[in-house]
Number of protein chains: 2
Amino acid sequence: MPVSPPRPKGPHLNALRAFEAAARLGSFSAAAEELSVTPGAITQHIKTLEAWAETPLFVRSARGVALTPMAETLVPEFTRAFDQLGLAVHALREQVAPNKIKLATLPSLAQYWLPARLGKLRQIAPDLQVSVIALEEPPNLVREPIDMSLFFTSDPLGPNDIEVLRDRIFPICTPDVAARLTRLEDLRNETLLRDSTWSNDWEHWLSAQTDLGGIASGGTEHSLFAVALEEARHGGGVLMAHEALVQRFLDSGELVRPFAGIVDLPRKLVLHLSPKMARSDQLALIKDVLLDTVQ
Amino acid sequence: MPVSPPRPKGPHLNALRAFEAAARLGSFSAAAEELSVTPGAITQHIKTLEAWAETPLFVRSARGVALTPMAETLVPEFTRAFDQLGLAVHALREQVAPNKIKLATLPSLAQYWLPARLGKLRQIAPDLQVSVIALEEPPNLVREPIDMSLFFTSDPLGPNDIEVLRDRIFPICTPDVAARLTRLEDLRNETLLRDSTWSNDWEHWLSAQTDLGGIASGGTEHSLFAVALEEARHGGGVLMAHEALVQRFLDSGELVRPFAGIVDLPRKLVLHLSPKMARSDQLALIKDVLLDTVQ
DNA sequence: AGTTAGATTGAGTTTTTCTACACCAAAATA
DNA sequence: TATTTTGGTGTAGAAAAACTCAATCTAACT
């Protein structure tokens, strides 16, 4: 029965958040990603929490971390808490600025697909202020102050998901490059342009063509689709393109499809809604514009 | 449609916690108290949150603060979130050390009432490790890492409250001081000892006596009951005592009651349980010991 | 007019949090 | 077997956040 230590303090909130993220994602580096910090920061948070609790929470191995059975049982409680906190923050943002909307999406979509739609949206609803955040990975909409995200995924749709379109890929190039291409084999002599996030789309497409001659992988890989596209526009090779991203260049004739083959991927472009957004008045409108079902 | 600002950050967790506490308690200084920081710290947290949200959350006046109507609607959401977080932390503590129990109580109770009971408890259940934290004010058991509290209150009991005893007060002094006291009026010539937390108990008691002659208030006030009691034990005056705190001195004969009058106050000593503790196995045992209903 | 309660301010300090970078150990790859 | 990759750790230093202190303000009580 020790008597009267100083008032005991609870654990640091940031350490709890780091723990929850690491536990939910099963990895310190994934948690670091989600919280936009370095993995080292997560390590330290977990360590302070473990020191506070006087017990280990994760079992470390060189391949990664795993929750201790004890910690395992606690995760749902913490997840519930931080989800609720996220909800509260969304509610705050909603109250303050109901028509400021943040949309996260891939840089390529932000550059080539969205602008036309957002332009139309602004015509229809000039009071909506949509700001676009370009990210490589979909953010956690429950936790971050972002209202919608637009990313490609093959996962089944959840309740707050809306399928916008299916991903269709095909090669494109400038008309003069196309002139050199009559058979698939001719691709052997061309630079195959590809985007690092979809690096095996060429393989997908080639393997879907009846006649495949090991045209293989080579080619230059660009980290940004925009850069690969730019190279294609200057006749630097043949780009494996996504329909949604290049429609306007096909329409203008600047780029053409040297081969007829189009591959429908199981991957979909999905609009994901934050809990706040899911019950927003403006949703119907935004949906119409993004799905091109307006008027 | 501004495009691609850097990834937006959420508000600071500590600022949210400060907001919730201030909103719930209706006062920055009360929030400061609960979070054991200075009021200035709360001011700054609220300011950063207001800056983040780009909106005022409180209306300031010289008398205190009031929530804006907008902020008002958000409070329950935040309270729910931090309550859930508190629950999760309690669950963690429970998992880690199910039989380490922290009990918060008044310094005077910790010193004069508890030790006998905790001694008995240790005999019955040697594996229970109860540590006692002396506080002037009852802590928020949902939020702080404390399992039980024992304080006087006149509020109606909640679901997690157990009445331990009713507060009964009467004057006490050493036998030789008592020898000088035959009528109430004789108190005029004595030093009336009192504790600052119960500073008007003398008035309560006096006004309950049939014959009251404006014996009045004077006397020395001590911030700790222990100090006032010590003075009484050295014959320094007449102390307005609480039955629970002085029983042992009456039993030993060291102190006596110069007058028969006992006043039953509406105030009760209440054992309050954290959500975790409310469903603990050890509860029945602890209850038995604290209520003296053991065997 | 003086006092008081409660909040604010700004400077200075302490604590927390983060990064950078070198390093380590399995596992995967070659 | 050697090499690379993946994911985590440790430490030092830097940056950011949080806090305190003491002075100050304002309207409401005495």
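Quick caveat, the model's predicted, so the values are computed rather than measured. Chain naming here is simple, since letters A, B, ... match the order of the sequence lines and numbering starts at 1 in each. Note that these values count all heavy atoms, side chains included, but never hydrogens, waters or copies made by symmetry.
An OP1 or OP2 oxygen of C:dA7 is reached within less than 4.0 angstrom by a side-chain nitrogen or oxygen of B:S27.
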Please tabulate, one pair per line, all N/O donor-acceptor pairs under 3.5 Å involving side-chain atoms of residues 35-47 of chain A, not counting sequence neighbours.
residue: A:T43; atom: OG1; partner: A:P39; partner atom: O; Å: 3.3

For residues 11-18 of chain B, which side-chain N or O atoms pair as donor and acceptor with protein atoms under 3.5 Å away, sequence neighbours left out?
residue: B:N14; atom: OD1; partner: B:R17; partner atom: NH2; Å: 3.2

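Between B:K268 and B:D155 there is no salt bridge, since none of the side-chain N atoms of the basic residue sits less than 4.0 Å from a carboxylate O of the acidic one.
Under the rule for a side-chain hydrogen bond (donor to acceptor under 3.5 Å, both in side chains), B:Q95 has no partner lying at least two apart in sequence or in another chain. Partners of A:K100 according to the salt bridge (Lys or Arg N to Asp or Glu O under 4.0 Å) rule, which considers only residues two or more places apart in sequence or in another chain, are B:E54. For A:P8, the side chain to side chain contact (heavy atoms under 4.5 Å, CB included) partners two or more places apart in sequence, or in a different chain, are B:K102, B:I133, B:P145, B:I146. In this view, A:R24 and A:E20, A:E34 satisfy the side-chain hydrogen bond (donor to acceptor under 3.5 Å, both in side chains) rule, not counting sequence neighbours. Here A:L103 pairs with A:L114, A:V130, A:M148, A:L150, A:L271 under the side chain to side chain contact (heavy atoms under 4.5 Å, CB included) rule; sequence neighbours left out. Evaluation of the side-chain hydrogen bond (donor to acceptor under 3.5 Å, both in side chains) rule for A:D161 yields A:H272 as partners, not counting sequence neighbours. Shown here are the side-chain hydrogen bond (donor to acceptor under 3.5 Å, both in side chains) partners of A:R63, two or more places apart in sequence or in another chain: there are none.
Computed from coordinates, the A:W52 CH2 to C:dT16 P distance equals 15 Å when rounded to whole Å.
Summary for the helix from C:dA1-D:dT30 to C:dA30-D:dT1: the axes at its two ends, each from 5 pairs, differ by 20° when rounded to the nearest 10 degrees.
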One character per nucleotide, please: for nucleotides 9-24 of chain D, 5' to 3', B when the base has a protein heavy atom closer than 4.0 Å, S when only the sugar-phosphate does, - otherwise. BS------SSBB----

Heavy-atom protein contacts under 4.0 Å, nucleotides 25-30 of chain D, coded B base, S sugar-phosphate only, - none: -BSS--

